[in-house]
A.B. asks: 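Provided herewith is a single structure, encoded as structure tokens, for subsequent inquiry.
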Amino acid sequence: RPVVTRPETQAIDMNSRSNTLADRDIVPSEQTFGFLGLGMMGSTIVKDLIFTKHKVVVWNRTIDKCQPFVDAGAEVKDTPMDVVEAADIIFCCVSDPKGAKDLVFGNCGVLQLKDLRNKAYVEMSTIDPDTSMDIGEGIKQCNGRYLEAQIHGSRQEAADGMLIILAGGDRTVFEECHSCFKTIAKNTFFLGTDVGNACKVNLILQTILGVSLVGLAEALALADRFSISLNDIIDIFDLTSMKSPLLLAKGKEMAKGDFNPQQPLSHMQRDLRLVLNMAENLDQSMPVTSITNEVFKHTKRLGYSEHDSSAVFVRSRF
Ligand code: NA7
């Protein structure tokens with residue numbers, strides 16, 4: 001078993017801006033936006049929302065992470081419930097479906113407020129359709145409005161304001177979030193009023209990504225066994241019709257052994273697990289995705305949860 005060093009946690013640079021922001025001509029909404037979850041994605045998004053002059057109220061489970069945002073002009077609250085009280089539209093961006101549900105249904109969670117009239121809740125955490133429907137139902141029962149807005153893209157794409165937003169649910173909320181979405185995304189899609197569709201589309205895209213990464217990792221590991229230069233393989237791959245910006249970038253990371261987390265491996269495996277649960281409910285056979293999930297699970301066990309998904313290469317080399 002290799003000795004694995006954890007990737008360095010990069011502190012958020014409050015002064016860095018995506019180059020694209022200046023060209024987007026953003027007129028900030030007058031509404032107050034709440035933000036629950038200041039992880040790598042949440043922090044990057046909130047930083048740009050503050051920069052584009054949105055009024056922002058934040059909360060994070062580890063409270064220390066809020067300070068740079070307070071210094072930059074955001075208000076901080078003690079609980080998710082307090083954020084809901086202070087804001088008109090509340091975004092949530094945490095690790096997984098369990099965290100997303102905790103923030104809504106748990107102690108001091110969103111629903112503790114009981115009356116969510118004039119409030120809107122936007123779920124950005126990657127979740128499965130059933131979780132999204134449960135959250136949406138809970139919000140609606142308290143007279144609130146709900147939008148799922150799944151964010152597709154890496155941490156670098158978030159930093160560049162180049163995410164893709166896949167939204168579904170309440171159309172009025174979608175429209176009211178326009179200036180926020182324009183700040184953080186290059187494309188935004190409204191996939192209908194049925195809650196769950198946006199989650200399905202996001203997870204389907206993640207399936208393509210996960211399976212492709214494992215294929216790439218195995219092919220490069222075989223090249224390595226033959227002592228063929230990985231850089232040569234990547235250079236030739238670049239000239240073929242198979243090339244894609246993402247696979248090229250991931251191939252280079254594998255060749256260098258640089259697994260700085262753009263899409264953490266634990267998130268990739270979480271997504272595959274959610275995909276397989278969805279497929280199970282439909283009796284849809286997904287043998288390749290199942291094996292892909294096993295490969296990511298094993299790489300997690302080897303200590304690469306917090307590294308980039310491209311670290312799957314390490315396992316393929318065994
Ligand atoms: P990170 O950087 O791993 O951050 C995860 C965030 O989620 C962080 O703020 C955590 O708080 C928070 N978290 C996790 N579990 C919980 C629970 N149970 N309750 C409250 N808060 C929680 O992930 P990213 O920012 O890269 O990604 C976030 C989402 O965006 C994810 O779904 C991606 O797929 C898209 P902490 O700071 O640890 O206290």
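Numbering of ligands and ligand atoms starts at 1, following listing order. What you see below is based on every heavy atom in this structure, not just the backbone, and it leaves out hydrogens, waters and symmetry mates.
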A.B. asks: Return yes if a side-chain donor-acceptor contact under 3.5 Å exists between Thr131 and Asp134, otherwise no.
C.D. replies: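 No donor-acceptor contact under 3.5 Å links the two side chains.
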A.B. asks: For atom 25 (O) of ligand 1, find the nearest protein heavy atom and state the residue, atom name and distance (0.1 Å precision).
C.D. replies: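 Here the closest protein heavy atom is Met41 N, 2.7 Å.
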A.B. asks: Could you establish whether Arg270 and ligand 1 come within less than 4.0 Å of each other, counting only heavy atoms on the residue side?
C.D. replies: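 In this structure, Arg270 qualifies as a contact of ligand 1 - some heavy atom is under 4.0 Å.
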A.B. asks: So that I can tick it off, tell me whether Glu75 and Lys77 are bridged by a salt bridge, with the cut-off set at under 4.0 angstrom between side-chain N and carboxylate O.
C.D. replies: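 A salt bridge links Lys77 with Glu75.
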A.B. asks: With a cut-off of 4.0 Å, which atoms of ligand 1 are near a heavy atom of Gly99?
C.D. replies: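 Every atom of ligand 1 under 4.0 Å from some heavy atom of Gly99: 17 (C), 18 (N).
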A.B. asks: With ring-ring contact (aromatic ring centres under 6.0 Å, His included) as the rule and sequence neighbours excluded, what pairs involving residues 81-138 come up?
C.D. replies: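 Qualifying pairs: Phe33-Phe91, Phe35-Phe91.
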A.B. asks: Which protein heavy atom lies closest to atom 16 (C) of ligand 1, and at what distance to 0.1 Å?
C.D. replies: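 Protein heavy atom at minimum distance: Arg61 NH1, 3.3 Å.
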A.B. asks: With heavy atoms of Leu103 as the reference, note each atom of ligand 1 found under 4.0 Å away.
C.D. replies: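 Contacts of ligand 1 toward Leu103, numbered from 1: 20 (C).
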A.B. asks: Relative to ligand 1, is Lys65 under 4.0 angstrom through side chain, backbone, both or neither, heavy atoms considered?
C.D. replies: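 Contact part for Lys65 vs ligand 1: side chain (C-beta onward).
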A.B. asks: Quiz question: by atom type and distance under 3.5 Å, do the side chains of Gln206 and Asn202 form a donor-acceptor pair?
C.D. replies: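 Absent: no donor and acceptor within the cut-off.
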A.B. asks: My understanding is that only one of Glu123, Glu148, Gln150 makes a side-chain hydrogen bond (donor to acceptor under 3.5 Å, both in side chains) with Ser132; could you say which?
C.D. replies: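 So, applying the side-chain hydrogen bond (donor to acceptor under 3.5 Å, both in side chains) to Ser132 and each of Glu123, Glu148, Gln150, only Glu148 qualifies.
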A.B. asks: Nearest non-hydrogen atom to atom 3 (O) of ligand 1 belongs to which of Glu306, Arg155, Met124?
C.D. replies: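 Among Glu306, Arg155, Met124, the closest heavy atom to atom 3 (O) of ligand 1 comes from Arg155.
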A.B. asks: Only heavy atoms of Asp102, strictly under 4.0 Å: list the atoms of ligand 1 that pass.
C.D. replies: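 What qualifies from ligand 1 is 18 (N).
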A.B. asks: Does Phe237 have any ring-ring contact (aromatic ring centres under 6.0 Å, His included) partners at least two apart in sequence or in another chain, and if so, which?
C.D. replies: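 Phe237: no ring-ring contact (aromatic ring centres under 6.0 Å, His included) contacts found.
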A.B. asks: For atom 39 (O) of ligand 1, which protein heavy atom lies nearest, and how many Å away is it?
C.D. replies: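 Looking only at protein heavy atoms, the one closest to atom 39 (O) of ligand 1 is Thr62 OG1, 2.5 Å.
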A.B. asks: With no hydrogens and no angle check, just 3.5 Å: does a side-chain donor-acceptor pair link Arg155 and Thr44?
C.D. replies: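 There is no such pair (donor and acceptor under 3.5 Å, judged by atom type) between the side chains of Arg155 and Thr44.
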A.B. asks: How far is atom 34 (O) of ligand 1 from its nearest protein heavy atom, and which residue and atom name does that atom have?
C.D. replies: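 Of the protein heavy atoms, Thr126 OG1, 2.6 Å lies nearest.
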A.B. asks: In ligand 1, which numbered atoms sit nearer than 4.0 Å to a non-hydrogen atom of Leu38?
C.D. replies: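 What qualifies from ligand 1 is 9 (O).
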A.B. asks: Please work out whether any backbone atom (N, CA, C, O) or any side-chain heavy atom from C-beta onward of Asp96 is under 4.0 Å from ligand 1, and answer side chain, backbone, both or neither.
C.D. replies: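 No part of Asp96 is near ligand 1 at this cut-off.
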